[in-house]
Amino acid sequence: MSDFGGLFRAAGVTGWLHAADLDTGREVGHGSDDPVPTASVFKVPLLVEFCRQADAGLLDPASPVTVGAAERTFGPTGVSAMLDDVTLSLRDLAYLMIAVSDNTAADVLSALVGLDAVNAMLTGFGLRGTHVAHTVRDLYQSMADDTGHGWPYLDVEEIARLRVLDPRHTNRSTPRETAALFGLIWRDEAASAASCSWMRTVLNLQVWPHRLASGFPYDDVEVSGKTGTLPTLRNEAGVVEYPDGGRYAVAVFTRSLSPAVNQPRADAVIGTAARMAVDHLRR
């Protein structure tokens with residue numbers, strides 16, 4: 001197998017990866033079972049539990065909710081970036097949570113669904129290395145507590161103090177388990193078939209093309225996924241679908257050696273490593 005470690009090092013990051021053929025079960029990995037901080041990838045298990053509660057009749061995904069201007073969680077996209085009160089359906093909040101990684105949408109749904117329920121679902125699927133400990137608001141508060149100030153965090157010594165970068169103290173998973181959760185969604189096993197179909201649609205609408213999708217620049221290859229970003233962390237997990245029917249779940253987590261916010265090589269290596277893994281599985 002190709003040298004994933006060397007590939008990640010050349011991009012200035014430490015990386016972890018797992019890829020699985022969703023139909024044959026073949027897999028390849030690099031640090032597949034190491035615990036890693038998920039950052040916004042935690043929004044995927046939240047999405048799954050939201051759908052499962054909708055399937056059970058515990059919530060109505062079409063019901064409207066008003067998010068007041070004073071209720072915003074910090075973030076650069078979606079409702080988080082809006083200035084006025086917003087009324088929209090629960091499922092449209094879920095769409096924003098995934099497609100543009102809207103932090104306010106995630107926190108509204110977290111309060112409704114309950115993180116304990118999310119974790120019980122994960123345990124039920126045997127994903128015991130995956131745990132959602134915090135809302136996004138809690139993550140930002142943790143960083144402020146650790147450094148004495150708000151975003152951004154660019155000082156190396158401050159970043160070293162951030163508990164959100166330690167999987168023992170934050171939302172966490174492993175590359176293998178994250179890929180497995182995507183497999184459950186793609187095989188209609190995470191929730192009802194209708195809900196899984198909707199989740200696949202929403203994950204395919206994610207707007208960021210600079211990580212996982214950058215490794216598959218073809219019109220006939222579909223890439224669906226969810227990114228996650230925190231200081232020095234760049235993650236993405238998703239599914240790559242080929243026109244011949246091949247389906248591959250891929251989870252890539254990275255931590256960069258530099259605190260710089262803009263690191264195109266660190267973003268691009270996620271797509272490069274994913275492509276290398278999928279090519280291996282397709283051989």
Side-chain angles (χ1 to χ4, degrees), residues 18-27 38 40-56 59-62 77-78 89-102 105-106 109 113 118 121-122 124-125 127 130 132 173 175-209 211-228 235-252 270-271 274-275 277-278 281-282:
H18 191 79
D21 185 317
L22 294 181
D23 298 298
T24 69
R26 291 189 68 215
E27 54 189 3
T38 50
S40 280
V41 177
F42 94 88
K43 293 166 184 172
V44 178
L46 178 55
L47 179 72
V48 170
E49 180 57 21
F50 169 78
C51 285
R52 290 172 66 85
Q53 292 189 16
D55 290 341
L59 59 85
D60 177 3
T77 61
S89 70
L90 293 175
R91 66 181 159 208
D92 284 345
L93 277 174
Y95 153 75
L96 289 172
M97 172 179 75
I98 298 299
V100 298
S101 205
D102 185 335
L109 293 176
V113 170
V118 175
M121 173 273 296
L122 290 165
F125 281 124
L127 304 176
T130 305
V132 180
S173 187
R176 186 190 305 275
E177 289 195 0
T178 298
L181 185 61
F182 275 89
L184 293 170
I185 296 170
W186 255 254
R187 289 191 299 262
D188 290 345
E189 296 168 1
S192 69
S195 286
C196 286
S197 176
W198 178 75
M199 284 191 277
R200 292 192 293 271
T201 297
V202 170
L203 288 157
N204 187 247
L205 293 173
Q206 182 187 237
V207 302
W208 319 120
R211 291 183 182 167
L212 198 59
S214 69
F216 306 90
Y218 312 107
D219 289 343
D220 58 353
V221 177
E222 290 278 350
V223 180
S224 308
K226 180 71 197 78
T227 61
N235 308 328
E236 188 166 358
V239 172
V240 181
E241 298 176 90
Y242 278 73
D244 62 7
R247 308 182 298 170
Y248 310 90
V250 187
V252 186
I270 292 175
R275 172 67 185 276
V278 170
L281 294 176
R282 286 177 64 79

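These figures come from a predicted structure and were not determined experimentally. For this chain, numbers begin at 1 and follow the sequence in order.
Residues Asp23 and Arg247 are paired through a salt bridge, judged by an N-O separation under 4.0 Å between the basic side chain and the carboxylate.
Nearest heavy-atom pair, Phe216 versus Gly271, reported as atom, atom and distance to 0.1 Å: CE1-O, 4.4 Å. Nearest approach of Ala249 to Phe182, heavy atoms of both residues: CB-CB, 4.3 Å. Between Gly183 and Leu22, the shortest heavy-atom distance links the atoms CA-CD2, 3.5 Å.
Judged purely by atom type and a 3.5 angstrom limit, Thr77 uses its side chain to pair as donor or acceptor with the backbone of Val100. Without hydrogens or angle criteria, Lys226 side chain to Gly238 main chain gives no donor-acceptor distance under 3.5 Å. Formation of a donor-acceptor pair under 3.5 Å by the Arg26 side chain with backbone atoms of Leu281 is found in this model. The backbone N or O of Gly228 lies less than 3.5 Å from a partner atom in the side chain of Arg211, making a donor-acceptor pair.
For the side-chain hydrogen bond (donor to acceptor under 3.5 Å, both in side chains) test, residues two or more places apart in sequence or in another chain that qualify with Asp188 are Arg200. With sequence neighbours excluded, no residue satisfies side-chain hydrogen bond (donor to acceptor under 3.5 Å, both in side chains) with Trp208. For the salt bridge (Lys or Arg N to Asp or Glu O under 4.0 Å) test, residues two or more places apart in sequence or in another chain that qualify with Arg282 are Asp244.
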What do the steps show when you test Phe125 against Leu184 for side-chain contact (heavy atoms from CB on, under 4.5 Å), and what is the final call? CA-CA 9 Å; Phe125 281 124; Leu184 293 170; 3.7 Å; yes
For Met97 and Leu47, run side-chain contact (heavy atoms from CB on, under 4.5 Å): C-alpha distance rounded to whole Å, both residues' side-chain angles, the deciding distance at 0.1 Å, then the answer. CA-CA 9 Å; Met97 172 179 75; Leu47 179 72; 4.0 Å; yes
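Considering only heavy atoms from C-beta on, Leu181 comes within 4.5 Å of Leu127 through its side chain. Between Val118 and Phe50, the closest side-chain pair of non-hydrogen atoms is not below 4.5 Å. Cys51 has its side chain within reach of Trp198: a pair of non-hydrogen atoms, C-beta onward, lies under 4.5 Å apart. Between Arg52 and Ser195, every side-chain heavy-atom pair lies at or beyond the 4.5 Å cut-off. No side-chain heavy atom of Glu241 sits less than 4.5 Å from a side-chain heavy atom of Val221. Using a 4.5 Å cut-off on side-chain heavy atoms (C-beta onward), Leu90 and Asp60 make no contact. Two residues are said to be in side-chain contact when any heavy atoms from C-beta on lie closer than 4.5 Å; Ile185 and Val44 meet this criterion. When side chains are defined from C-beta on, Val278 counts as touching Val250, because their heavy atoms get closer than 4.5 Å.
Side chains of Thr38 and Ser173: no donor on one and acceptor on the other come within 3.5 Å. No donor-acceptor contact under 3.5 angstrom links the side chains of Glu236 and Thr227, judged on distance only. Side-chain contact, Asp55 with Ser192: a donor N or O sits under 3.5 Å from an acceptor N or O.
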